[in-house]
Amino acid sequence: MLALRERYTLELENLTLTTQPVKTLRFFLLAILQYIKRSASYLLAKGGWLMLSSTLIAVLGILLVTIEGPHEKHVEEVSEYVRFGLWWIALGVASSIGLGSGLHTFVLYLGPHIALFTIKAMQCGRIDLKSAPYDTIQLKRVPSWLDKPCREFGPPLFSSSHGSRVPISSILPQVQIEAILWGLGTALGELPPYFISRAASVSGRKIEAMEELDHSSSEDNGFIATHLKQIEQWLLSHSQHMNFFTILLLASVPNPLFDLAGIMCGQFGIPFWKFFLATLIGKAIIKTHIQKYLLVPSLQTDKWDFSFASIWNTIVWLMLMNFFVKIVNATAQRYLKKQQDKSLAEILPDSTHSDS
């Protein structure tokens with residue numbers, strides 16, 4: 001029995017895209033199909049009205065898009081807003097999902113967008129640069145104001161003896177919607193650890209992250225690792241006393257251990273509304289405003305050199321590929337682990353009987 005468990009452990013460790021690409025992709029696709037099947041069964045059994053309303057909304061949307069008429073302009077405008085909102089929310093989710101392995105989209109997208117707008121506003125002495133609120137950096141699209149010469153916007157509205165000097169209080173509202181949507185996405189990305197931990201708590205089991213935390217406190221892992229474990233142990237010992245303001249504080253500052261805080265909240269039954277509302281306010285409002293206020297004053301009026309755009313895009317795509325590989329490996333390994341658990345459950349009674 002011990003040899004079988006060791007073989008199963010070795011199979012899990014070797015199940016990656018680099019060592020077994022075909023098998024890993026197959027298990028990944030099987031896991032996705034299994035999830036879709038369960039979700040569809042749940043919706044059919046529990047969400048009849050939801051399915052009906054969703055179908056009606058989808059049909060109405062298709063009709064509005066395909067039928068010509070005076071409404072086309074409004075439909076296009078709404079679609080632009082929807083695409084804009086989903087883009088920034090998705091970037092926020094990608095930044096915080098995955099227990100710390102997410103894509104750092106503030107550095108890749110939101111930060112550069114704020115910097116570009118600030119520099120352009122400083123150069124032109126104006127803040128009315130956007131053609132619409134959704135005129136921002138998006139997938140395969142650059143904002144219309146980025147390459148426009150300042151003369152097309154008109155004379156500077158903010159000027160001083162040292163040239164254009166646009167107040168920070170005037171610039172920040174122009175990038176407010178993007179920052180809040182991104183912050184909303186980061187809050188949504190923190191929900192999976194909470195739900196996984198909550199489900200484990202309801203079923204009476206400890207999740208792997210907490211088991212590792214319990215067993216690693218006595219190990220000597222170096223100065224930095226030891227202090228990190230001490231912080232984690234402190235969070236574990238005080239997690240029963242977590243309240244709305246504690247979660248709000250943890251979510252309001254750059255905090256690599258917030259995933260662990262979400263695990264603790266789920267494990268000890270913190271209500272969902274309390275966890276999500278505190279996380280939403282902390283990340284979408286307080287944290288994003290702190291980041292903006294730190295970023296904007298540090299920018300200079302000198303024009304950035306964008307001659308390395310192709311190199312930058314390559315780096316972004318490499319990070320996206322790395323993020324995708326992590327998701328595929330983890331999903332495939334979870335699927336294989338479930339199959340192994342089923343196999344062990346089937347042979348365990350026979351093994352126990354033979355040993356006796």
Side-chain angles (χ1 to χ4, degrees), residues 72-92 95 104-186 252 254 280-309 312-313 316:
E72 286 182 294
K73 181 177 66 175
H74 302 290
V75 171
E76 184 178 355
E77 187 80 3
V78 170
S79 66
E80 290 287 354
Y81 276 104
V82 171
R83 186 187 307 172
F84 161 76
L86 291 177
W87 166 253
W88 286 109
I89 291 174
L91 288 179
S95 180
H104 300 291
T105 52
F106 181 86
V107 177
L108 295 173
Y109 290 100
L110 182 59
H113 171 67
I114 295 174
L116 289 171
F117 187 88
T118 301
I119 293 171
K120 194 71 174 183
M122 291 290 187
Q123 290 174 346
C124 300
R126 305 175 66 102
I127 59 171
D128 54 344
L129 307 178
K130 297 181 181 179
S131 61
Y134 50 77
D135 188 10
T136 63
I137 295 175
Q138 294 185 40
L139 184 63
K140 297 182 179 180
R141 177 190 295 184
V142 296
S144 64
W145 45 264
L146 184 59
D147 297 321
K148 277 186 179 181
C150 290
R151 64 177 181 273
E152 293 190 19
F153 299 106
L157 300 179
F158 300 90
S159 60
S160 66
S161 58
H162 302 287
S164 298
R165 186 67 62 183
V166 183
I168 296 175
S169 58
S170 299
I171 293 177
L172 292 181
Q174 304 302 316
V175 292
Q176 185 93 335
I177 300 177
E178 299 93 297
I180 290 178
L181 289 173
W182 181 84
L184 170 61
T186 63
S252 300
L280 180 64
I281 295 174
K283 288 185 172 291
I285 299 177
I286 300 176
K287 182 183 175 183
T288 54
H289 280 74
I290 292 174
Q291 291 172 313
K292 287 192 300 178
Y293 275 103
L294 290 176
L295 176 62
V296 174
S298 65
L299 298 172
Q300 305 294 324
T301 58
D302 297 333
K303 183 176 178 64
W304 283 12
D305 182 9
F306 297 101
S307 59
F308 298 102
W312 177 254
N313 289 334
V316 171

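Excluded from the calculations below are hydrogen atoms, water molecules and symmetry mates; all remaining heavy atoms, backbone and side chain alike, are included. Starting from 1, each residue takes its place in the sequence as its number.
Residues forming a side-chain contact (heavy atoms from CB on, under 4.5 Å) with Ile290 (at least two apart in sequence, or on another chain): Ile286, Leu294. Partners of Glu80 by salt bridge (Lys or Arg N to Asp or Glu O under 4.0 Å), not counting sequence neighbours, listed by chain and number: Arg141. When the side-chain hydrogen bond (donor to acceptor under 3.5 Å, both in side chains) test is applied to Ser131, the partners found at least two apart in sequence or on another chain are Asp135. Evaluation of the side-chain contact (heavy atoms from CB on, under 4.5 Å) rule for Val78 yields Val82 as partners, not counting sequence neighbours. Partners of Thr288 under the side-chain hydrogen bond (donor to acceptor under 3.5 Å, both in side chains) rule, at least two apart in sequence or in another chain, do not exist in this structure. In terms of the side-chain contact (heavy atoms from CB on, under 4.5 Å) criterion, residue partners of Glu76 (sequence neighbours excluded) are, by chain and number, Ser79. Remark: Ser170 engages no residue in a side-chain hydrogen bond (donor to acceptor under 3.5 Å, both in side chains) (not counting sequence neighbours).
Identified under the ring pair (Phe, Tyr, Trp, His ring centres under 6.0 Å) test for residues 121-140, with sequence neighbours left out: Tyr81-Tyr134. The salt bridge (Lys or Arg N to Asp or Glu O under 4.0 Å) analysis of residues 106-115, with sequence neighbours excluded, yields no pairs. For residues 82-92, there are no salt bridge (Lys or Arg N to Asp or Glu O under 4.0 Å) pairs, not counting sequence neighbours.
Looking at every heavy atom in both residues, Phe106 comes nearest to Pro112 through O-CD, 3.5 Å. Closest of all the heavy-atom pairs between Thr136 and Trp88 is OG1-NE1, 3.2 Å.
Between the Lys120 side chain and the Lys148 main chain, a donor and an acceptor come within less than 3.5 Å of each other.
With rounding to the nearest 0.5 angstrom, the CD1 atom of Ile114 is 12.0 Å from the CD1 atom of Ile119. Distance CD1/Ile137 to CG/Leu110: 9.0 Å, rounded to 0.5 Å. Separation of atoms CD1 (Ile127) and OG1 (Thr118) is listed at 11.0 Å; rounding is to 0.5 Å. The distance from the CG atom of Asp128 to the CZ atom of Phe153 is 8.0 Å, given to the nearest 0.5 Å.
Looking at heavy atoms from C-beta onward, Pro143 lies out of side-chain contact with Gln138 at the 4.5 angstrom threshold.
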Please lay out, stage by stage, how Phe117 and Trp145 fare under the test ring pair (Phe, Tyr, Trp, His ring centres under 6.0 Å). CA-CA 9 Å; Phe117 187 88; Trp145 45 264; 5.4 Å; yes
Please output the side-chain donor-acceptor pairs of residues 173-183 that fall under 3.5 Å, not counting sequence neighbours, one pair per line with the distance.
| residue | atom | partner | partner atom | Å |
| --- | --- | --- | --- | --- |
| Gln176 | OE1 | His289 | NE2 | 3.4 |
| Gln176 | OE1 | Lys292 | NZ | 2.4 |
| Gln176 | NE2 | His289 | NE2 | 3.0 |
| Glu178 | OE2 | His113 | NE2 | 2.7 |
| Glu178 | OE2 | Lys130 | NZ | 2.8 |
| Trp182 | NE1 | Thr105 | OG1 | 2.8 |

